[in-house]
Amino acid sequence: MLSKQKLLAGLVAALAASAAGAQDEGAGAREYMAACASCHGETGKGAGPLAELMTVPVPDLTTLTAENDGTFPMLEVIQVIDGRTGIRGHGYPMPVWGDRFKAREMGAGAYAAELATRGRILSIALHLESLQE
């Protein structure tokens, strides 16, 4: 069993790594390309190679700010990407990235995996904010 001190140190390290990853502009672009571009396209306009196979229209992610009175809807974007909060994108065919990312990080422990997952989702959201027209 881990001591509280070791657990706290692990959580702090995971949070720092997660925050650093979210601030690295390249991290968001890499996460987006790996998780989102197949449907939303490299530019975020909804023209990815799998878009034509979808049963619902794939939205243009470059107009989120314009559609929200000039403010990027960061929290809503994070919740849609995560998918575990009950707010789902596209009428449901979008993957629940929160579950997928967390499953990949579970070797680090549940708390560290959750922090890493949130960092990955935040990095994608920050990347999407940078794509706004």
Side-chain angles (χ1 to χ4, degrees):
M1 179 176 225
L2 289 176
S3 70
K4 287 182 183 180
Q5 187 176 20
K6 286 183 181 180
L7 178 60
L8 181 58
L11 288 174
V12 169
L15 181 57
S18 175
Q23 292 176 355
D24 172 8
E25 286 184 33
R30 287 187 301 273
E31 291 285 357
Y32 175 85
M33 290 304 294
C36 312
S38 60
C39 293
H40 293 282
E42 289 183 25
T43 63
K45 294 199 170 276
L50 298 180
E52 64 185 45
L53 303 174
M54 301 299 292
T55 59
V56 295
V58 178
D60 180 344
L61 299 176
T62 66
T63 60
L64 298 173
T65 296
E67 294 168 357
N68 197 48
D69 298 323
T71 302
F72 184 75
M74 183 63 78
L75 181 58
E76 182 179 343
V77 168
I78 288 169
Q79 290 174 331
V80 168
I81 295 167
D82 186 304
R84 297 177 294 175
T85 61
I87 297 174
R88 299 290 307 277
H90 317 303
Y92 282 68
M94 185 163 150
V96 178
W97 289 108
D99 285 342
R100 289 181 180 205
F101 289 158
K102 188 170 182 178
R104 294 177 190 161
E105 303 288 344
M106 282 306 288
Y111 294 114
E114 184 61 33
L115 290 173
T117 296
R118 290 179 185 205
R120 291 175 77 177
I121 291 168
L122 177 59
S123 71
I124 293 171
L126 290 170
H127 177 68
L128 291 176
E129 184 177 34
S130 76
L131 296 179
Q132 299 307 293
E133 296 178 343

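Just so you know, these numbers come straight off a predicted model, no measurement behind them. Residues: numbered from 1 along the sequence shown.
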Value rounded to 0.5 Å, distance of [atom1] in [X] from [atom2] in [Y]:
{"X": "D99", "Y": "K102", "atom1": "CG", "atom2": "NZ", "result": "8.5 Å"}
{"X": "I81", "Y": "W97", "atom1": "CD1", "atom2": "CH2", "result": "10.5 Å"}
{"X": "L75", "Y": "D82", "atom1": "CG", "atom2": "CG", "result": "10.5 Å"}

Task: Exceeds 12 heavy-atom contacts within 6.0 angstrom, atom CD of E52 - done: no
Task: Stepwise side-chain contact (heavy atoms from CB on, under 4.5 Å) test for R84 and Q79 - done: CA-CA 7 Å; R84 297 177 294 175; Q79 290 174 331; over 6 Å; no
Task: Co-membership, hydrophobic cluster, residues V96 and M106, 4.5 Å side-chain - done: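 No.
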TODO: Using the test side-chain contact (heavy atoms from CB on, under 4.5 Å), find all partners of P73 that sit at least two apart in sequence or belong to another chain.
DONE: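 Testing P73 for side-chain contact (heavy atoms from CB on, under 4.5 Å), a comparison that skips the adjacent residues, returns L64, N68, E76, V77.
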Task: Residues that L131 engages under side-chain contact (heavy atoms from CB on, under 4.5 Å), provided they are two or more places apart - done: T62, H127, L128
Open item on the list: Has Q132 got a side-chain atom pairing as donor or acceptor with L61's backbone, closer than 3.5 angstrom?
Closed with: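 Yes; judged by distance alone, with no hydrogens or angles, the pair exists.
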Return the minimal non-hydrogen interatomic distance between [X] and [Y], and the atom names on each side.
{"X": "I78", "Y": "A125", "value": "CG1-CB, 3.8 Å"}
{"X": "A37", "Y": "P49", "value": "O-CD, 3.9 Å"}
{"X": "A51", "Y": "G46", "value": "CB-O, 3.4 Å"}

Open item on the list: Check this for me: does any side-chain nitrogen of one of R100 and E105 sit under 4.0 Å from a carboxylate oxygen of the other?
Closed with: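 The answer is no: the pair does not qualify as a salt bridge.
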Open item on the list: With a 4.0 Å cut-off on N to O distance, would you call E133 and K45 a salt bridge?
Closed with: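 A salt bridge links E133 with K45.
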TODO: Evaluate the side-chain proximity of F101 to I124: yes if any heavy-atom separation is below 4.5 Å, no if none is.
DONE: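 Side chain of I124 against side chain of F101, heavy atoms only: contact under 4.5 Å found.
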- [ ] Share the residues that join L50 in a hydrophobic cluster, the rule being Ile, Leu, Val, Met, Phe, Trp or Tyr side chains under 4.5 Å apart at the heavy-atom level.
- [x]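 Members besides L50, by chain and number: L53.
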Open item on the list: Evaluate Y32 against H40 for side-chain contact (heavy atoms from CB on, under 4.5 Å), listing each step before the verdict.
Closed with: CA-CA 9 Å; Y32 175 85; H40 293 282; 3.2 Å; yes
